[in-house]
Novice: 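Please see the structure below; I have some questions.
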Amino acid sequence: MSGPFERYSDADVAALIAGYPLAWVIGDAADPAAVCQLPMIGEYDVAGRLVSLIGHMARRNPLHAQLTANPRALFLFSGPNGYISPEHAGRRDWAPTWSFAHLRIAAAVAFDAALTDAALDALIDAEEHGRARPWRAAELGARRDKLAAMIIGFRAGVESVHGRFKLGQDERPETFRAIVTHHPDPELRSWMERFAARRNDGGEPK
């Protein structure tokens, strides 16, 4: 049975990936060269469940060779996080803690040169969305093809998703309200509010 921090929805998964797209990608954990950070875009089925991740990497990245030989990878997404002081909780008899949200996604990576342009455009569109003059790769002109030749797109078929969203669900209502009132990080406060309805009002662990 999952605890309060492991209760989350497909929408929570999608929101974390969209808000914090830079993931640690781990191929062979025994080889430090087979670990790097890459921005990712999630793909979802009609029910909103994460089914794959798309991205791109440099062809000369050691991870490219490693995942070509063995396509299994772990994607680690770190979401909002921050130290919670007794000062934020308004209680001197309360132990400090750290609130955070993260995802561990196991997936099988398939490189596809034909996917490179689409992977680039998906990431650019996501990050440029909402700007007054969204930038498009076509503005690079002839340089676009030269740069694109150095990278390769990939799709990672999701095999499992494990998340932990430790966002104050176990705090007493008055303590929770004090934290979201006084903590200085608006993003962390917003995510705590997102999970407010899923708090265990039985109080903090004794």
Novice: Using the rule that Ile, Leu, Val, Met, Phe, Trp and Tyr join whenever any side-chain heavy atoms are under 4.5 Å apart, tell me whether Met40 and Tyr44 fall into a single cluster.
Specialist: yes
Novice: Assess whether a salt bridge exists between Lys166 and Glu6, defined as any Lys/Arg side-chain N lying under 4.0 Å from an Asp/Glu carboxylate O.
Specialist: no
Novice: Has the side chain of Ser190 got a donor or acceptor atom that lies under 3.5 Å from a matching backbone atom of Pro186?
Specialist: no
Novice: For the pair Phe165 and Phe195, name the ring-plane relationship: parallel under 30°, tilted 30 to 60°, perpendicular over 60°.
Specialist: parallel
Novice: Would a single hydrophobic cluster contain both Leu103 and Val35, if residues Ile, Leu, Val, Met, Phe, Trp and Tyr are joined by side-chain heavy-atom contacts under 4.5 Å?
Specialist: no
Novice: Any salt bridge between Arg155 and Asp112, counting N to O under 4.0 Å?
Specialist: no
Novice: If every non-hydrogen atom of Ala47 is compared with every non-hydrogen atom of Asp10, which pair is closest and at what distance?
Specialist: O-OD2, 4.4 Å
Novice: Please report the interatomic distance CD(Glu187) to CE(Met192), rounded to the nearest 0.5 Å.
Specialist: 13.0 Å
Novice: To the nearest 0.5 Å, tell me how far Ile152 CD1 sits from Leu115 CG.
Specialist: 9.0 Å
Novice: Would Ile105 end up clustered with Tyr8 when hydrophobic side chains under 4.5 Å apart are linked, directly or stepwise?
Specialist: yes
Novice: Less than 4.5 Å apart, side chain to side chain, heavy atoms only: is that true for Ile17 and Phe75?
Specialist: no
Novice: Do Trp94 and Glu171 have side-chain atoms, one donor and one acceptor, less than 3.5 Å apart?
Specialist: yes
Novice: If every non-hydrogen atom of Ser78 is compared with every non-hydrogen atom of His102, which pair is closest and at what distance?
Specialist: CA-CB, 4.4 Å
Novice: Honestly curious: do Leu74 and Val158 fall in one hydrophobic cluster under the side-chain, below-4.5 Å linking rule?
Specialist: no
Novice: Under 3.5 Å, is there a donor-acceptor pair between the side chain of Arg59 and the main chain of His64?
Specialist: no
Novice: For residues Tyr83 and Pro86, report the shortest heavy-atom separation together with the two atoms involved.
Specialist: OH-CD, 4.3 Å
Novice: Could you give me the CA-CA distance, side-chain angles and deciding distance for Leu38 and Leu22, then say whether side-chain contact (heavy atoms from CB on, under 4.5 Å) is met?
Specialist: CA-CA 5 Å; Leu38 297 172; Leu22 188 65; 5.5 Å; no
Novice: Hey, is the main chain of His162 close enough, under 3.5 Å, to the side chain of Arg104 for a donor-acceptor pair?
Specialist: no
Novice: Rounded to the nearest 0.5 Å, how far does CD1 of Ile151 lie from CZ of Arg60?
Specialist: 12.0 Å
Novice: Would you say Glu43's side chain and Leu53's backbone share a donor-acceptor pair under 3.5 angstrom?
Specialist: no
Novice: Indicate yes or no for a side-chain donor-acceptor contact from Gln169 to the backbone of Leu167 under 3.5 Å, with no hydrogens or angles considered.
Specialist: yes
Novice: May I ask you to decide if Ala122's main-chain N or O and Asp125's side chain share a donor-acceptor pair within less than 3.5 Å?
Specialist: no
Novice: Mark yes when over 12 heavy atoms from residues, nucleotides or ligands other than Glu87 sit less than 6.0 Å from its CD; otherwise mark no.
Specialist: no
Novice: Less than 6.0 Å separating the ring centroids of Phe154 and His56?
Specialist: no
Novice: Should we say atom CZ of Arg136 is surrounded by more than 12 heavy atoms from elsewhere, each under 6.0 Å from it?
Specialist: yes
Novice: If hydrophobic clusters are built by linking Ile, Leu, Val, Met, Phe, Trp and Tyr wherever their side-chain heavy atoms come under 4.5 Å apart, do Tyr20 and Ile26 end up in the same one?
Specialist: no
Novice: Minimum heavy-atom separation for Ala73 to Val25, with atom names?
Specialist: CB-CG1, 4.3 Å
Novice: What's the shortest heavy-atom distance between Phe100 and Arg164, and which atoms?
Specialist: CZ-NE, 3.8 Å
Novice: To the closest 0.5 Å, what do you measure between CE (Met57) and SG (Cys36)?
Specialist: 5.5 Å
Novice: Return the NE2 to OG distance between His183 and Ser99, rounded to the nearest 0.5 Å.
Specialist: 7.0 Å
Novice: Answer yes or no: is there a donor N or O on one side and an acceptor on the other, between the side chain of Thr116 and the main chain of Gly153, under 3.5 Å?
Specialist: yes
Novice: Does this structure show an ion pair linking Glu159 with Arg72, if we count only N-O contacts that are shorter than 4.0 Å?
Specialist: yes
Novice: Does the pair Arg177/Glu174 count as a salt bridge with the N-to-O cut at 4.0 Å?
Specialist: no
Novice: Taking all non-hydrogen atoms of both residues, which atom of Pro21 and which atom of Phe77 are closest, and how far apart?
Specialist: O-CE2, 3.6 Å
Novice: Kindly determine whether Arg144 and Asp121 satisfy salt bridge (charged side-chain N to carboxylate O under 4.0 Å, His left out), including the steps that lead there.
Specialist: CA-CA 12 Å; Arg144 187 188 196 284; Asp121 289 342; 3.2 Å; yes
Novice: Are any side-chain N or O atoms of His88 and backbone N or O atoms of Ile84, one a donor and one an acceptor, separated by less than 3.5 Å?
Specialist: no
